[in-house]
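See structure below.
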Amino acid sequence: MKRSVAALVLTTSLVFAGSALAQTMDKVVKVGALGDQSGLYQDIGGPGSTVAAQMAIEDSGLLAKGWKIDLISADHQNKPDVAVNIGKQWIDVDKVDVFVDLAASNVGLAIANLAKEKNVVNLNSGSGSSDLTGSQCTPNTVHWSYDTYMLANGTGKALVKSGGDSWFFITADYAFGQALERDTTAAVTAGGGKVLGSVKHPLNTADFSSFLLQAQSSKAKVIGLANAGGDTTNAIKQAAEFGIVSGGQKLAGMLMFITDVHSLGLNVAQGLNFTESFYWDMNDQTRAFSKRFLERFKKNPPTMVQAGVYASLIHYFKALEALGGNPHDGRMVVAKMKELPTDDPLFGKGSIRADGRKIHPAYLFEVKKPSESKYPWDYYKLVATIPADEAFVPLEKSACPLVKKN
């Protein structure tokens with residue numbers, strides 16, 4: 001009798017739990033594109049990420065099935081406090097379900113914590129710090145396009161193998177730069193190289209002369225630029241004025257985007273090696289998407305960040321449809337995203353691991369000489385493909401608390 005009553009109570013509880021979940025399910029979604037809309041990272045994500053997000057909404061097929069999906073955007077100004085204030089307003093007042101873009105790792109880490117606290121979905125394609133799926137991972141975050149481990153083990157390892165066995169870093173003094181220098185140092189030393197020194201510079205620096213002089217005087221074979229966007233292009237342009245490359249040292253732009261190469265021009269950028277996980281001209285699918293993107297966003301083909309915004313949202317919408325609606329429960333949605341294999345036209349087939357790391361191949365590129373470029377934005381030649389299972393930190397070495405260790 002007691003067992004029958006207990007079974008009845010359990011069944012009733014499950015029915016009520018299912019009914020409660022069904023009541024919270026709907027087909028309403030609000031996407032928040034939070035990026036650098038006006039600063040040194042605006043070309044990487046920013047307005048282009050908003051365009052990519054709108055394209056993902058339209059391509060998801062959910063609008064034709066009766067879903068209501070809205071998109072809002074804002075400028076985080078590369079300031080974590082500004083980003084968090086916007087994020088709180090979006091979640092509490094505007095009912096945003098999912099964040100995208102988030103270029104700048106200090107912003108990305110801050111929003112990851114907020115998303116966990118408020119239990120919304122955090123799709124980060126803009127930040128680089130590998131800590132997002134390492135020591136600071138959360139069950140609400142998916143880190144899509146790239147991270148500092150991928151950059152370090154792509155470009156860093158390749159340059160050490162080709163003889164660049166002594167390094168000096170010029171590093172942006174915030175979370176991304178610090179993580180990139182750390183991860184590249186590990187890759188260099190693992191390959192038998194050594195780091196002779198480093199110097200930190202403030203974000204959005206106009207004058208790199210003192211930093212470049214220190215790097216030049218170190219006599220290191222490779223000067224690693226652990227920065228991004230306008231900081232990287234400014235450093236490379238000023239290095240040319242100092243004759244650093246012509247003097248025998250090699251520059252390594254540890255994080256480069258096609259917009260950076262365009263800003264530099266092929267005369268300056270030719271020969272640079274760097275690692276990315278997306279290039280607009282890789283195959284027919286990436287070219288088709290990029291053509292549509294350029295019809296809306298006249299400025300440039302999609303960057304790795306903007307491609308990640310599109311692809312991550314496409315997979316997010318697949319997870320919502322698989323759930324039968326939007327539960328407005330970030331952890332539940334991310335769990336479903338991890339359960340489903342990923343497949344999109346920009347990154348191909350892949351998966352999302354327990355630590356939130358999206359797994360796909362990475363590519364080591366070299367910038368073409370002007371004579372090798374045959375049409376607009378024809379800037380890269382493929383040097384090597386890094387398999388998906390080698391591109392990112394092995395799961396067994398992940399510092400993420402969500403990963404169960406054997």
Side-chain angles (χ1 to χ4, degrees), residues 105 108-109 112 116 122-162 165 167 169 175-195 224 226 252 254-255 273-278 304 308 311-312 315 334-335 337-344 347-365 382-406:
S105 290
L109 291 165
K116 178 184 177 183
N122 181 40
L123 304 180
N124 192 318
S125 67
S127 301
S129 175
S130 58
D131 293 337
L132 279 162
T133 53
S135 60
Q136 298 190 51
C137 73
T138 81
N140 296 73
T141 291
V142 176
H143 200 185
W144 198 273
S145 297
Y146 73 103
D147 62 25
T148 50
Y149 181 95
M150 183 197 90
L151 302 174
N153 284 272
T155 311
K157 279 184 177 179
L159 289 176
V160 173
K161 284 181 180 178
S162 64
D165 56 3
W167 286 60
F169 289 100
F176 164 72
Q178 293 157 9
L180 184 50
E181 181 182 331
R182 176 197 68 204
D183 290 348
T184 309
T185 295
V188 168
T189 54
K194 56 186 176 181
V195 175
M254 297 307 300
L255 176 58
N273 293 112
F274 51 88
T275 305
E276 290 203 63
S277 59
F278 170 84
M304 175 169 59
S312 62
H315 191 64
V334 170
M337 291 180 71
K338 292 176 180 178
E339 178 184 317
L340 299 174
T342 65
D343 189 5
D344 66 83
F347 294 84
K349 296 181 184 296
S351 61
I352 301 171
R353 297 190 318 198
D355 57 357
R357 176 67 260 167
K358 166 62 169 60
I359 301 300
H360 45 241
Y363 308 97
L364 181 65
F365 292 110
L382 181 63
V383 176
T385 297
I386 305 166
D389 59 353
E390 297 177 17
F392 299 97
V393 64
L395 189 60
E396 63 269 18
K397 293 184 179 179
S398 174
C400 175
L402 300 174
V403 178
K404 295 178 180 179
K405 305 291 199 252
N406 291 330

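Note that the structure is predicted; figures quoted are calculated from it, not measured. All values below come from the heavy atoms of this structure, side chains included, with hydrogens, waters and symmetry mates left out.
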TODO: Report the C-alpha distance between R357 and D355 in whole Å, list the side-chain angles of each, state the deciding distance to 0.1 Å, and finish with yes or no for salt bridge (charged side-chain N to carboxylate O under 4.0 Å, His left out).
DONE: CA-CA 6 Å; R357 176 67 260 167; D355 57 357; over 6 Å; no
- [ ] Test side chain to side chain contact (heavy atoms under 4.5 Å, CB included) on V334 and V142 and set out the steps.
- [x] CA-CA 7 Å; V334 170; V142 176; 4.0 Å; yes
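Smallest separation of non-hydrogen atoms from A388 and I359: O-CG2, 3.5 Å. Residue A362 comes nearest to A391 through the heavy atom pair CB-CB, 4.0 Å, listed as atom of the first residue, atom of the second, then distance. Residue F169 comes nearest to T185 through the heavy atom pair CE1-OG1, 3.4 Å, listed as atom of the first residue, atom of the second, then distance. Between T133 and S398, the shortest heavy-atom distance links the atoms O-OG, 3.4 Å. For the pair G193 and V160, the tightest heavy-atom approach, listed with the atom from each and the gap, is N-CG1, 4.3 Å. Annotation for A187 and K157: closest pair CB-CG, 4.4 Å, computed over non-hydrogen atoms.
Residues H360 and D344 form no side-chain contact, since every pair of their non-hydrogen atoms from C-beta on lies 4.5 Å or further apart. At a threshold of 4.5 Å between non-hydrogen side-chain atoms, the residues T275 and Y363 do not count as touching. By the 4.5 Å heavy-atom criterion applied to side chains, F347 and S312 are not counted as neighbours.
The structure places CG of L364 at 5.5 Å from OG1 of T155, a figure rounded to the nearest 0.5 Å. Distance check: S162 OG to N273 CG gives 7.5 Å after rounding to the nearest 0.5 Å. Rounding to the nearest 0.5 Å places OG1 of T138 at 7.0 Å from CG of L402. For the atom pair L159 CG and W167 CH2, the distance stands at 4.5 Å (nearest 0.5 Å). Taking NZ of K116 as the start and CG of N122 as the end, the distance is 12.5 Å to the nearest 0.5 Å. Of the inter-residue distances, the one linking N153 atom CG with F392 atom CZ reads 10.5 Å to the nearest 0.5 angstrom.
Side chain of T184 to main chain of L180: a donor-acceptor pair is present (N/O by atom type, distance under 3.5 Å, no hydrogens or angles). At distances below 3.5 Å, at least one donor-acceptor pair connects side-chain atoms of T189 with backbone N or O atoms of A186. Using a distance-only test at 3.5 Å, with no hydrogens or angles considered, no donor-acceptor pair links the side chain of S129 to the main chain of S105.
Side-chain contact annotation: S130 with D147, donor-acceptor N/O pair under 3.5 Å absent. S277 and S145 share no side-chain donor-acceptor pair at under 3.5 Å.
Residue H143 is tested with I352, N124, D131 for a side chain to side chain contact (heavy atoms under 4.5 Å, CB included); the sole match is N124.
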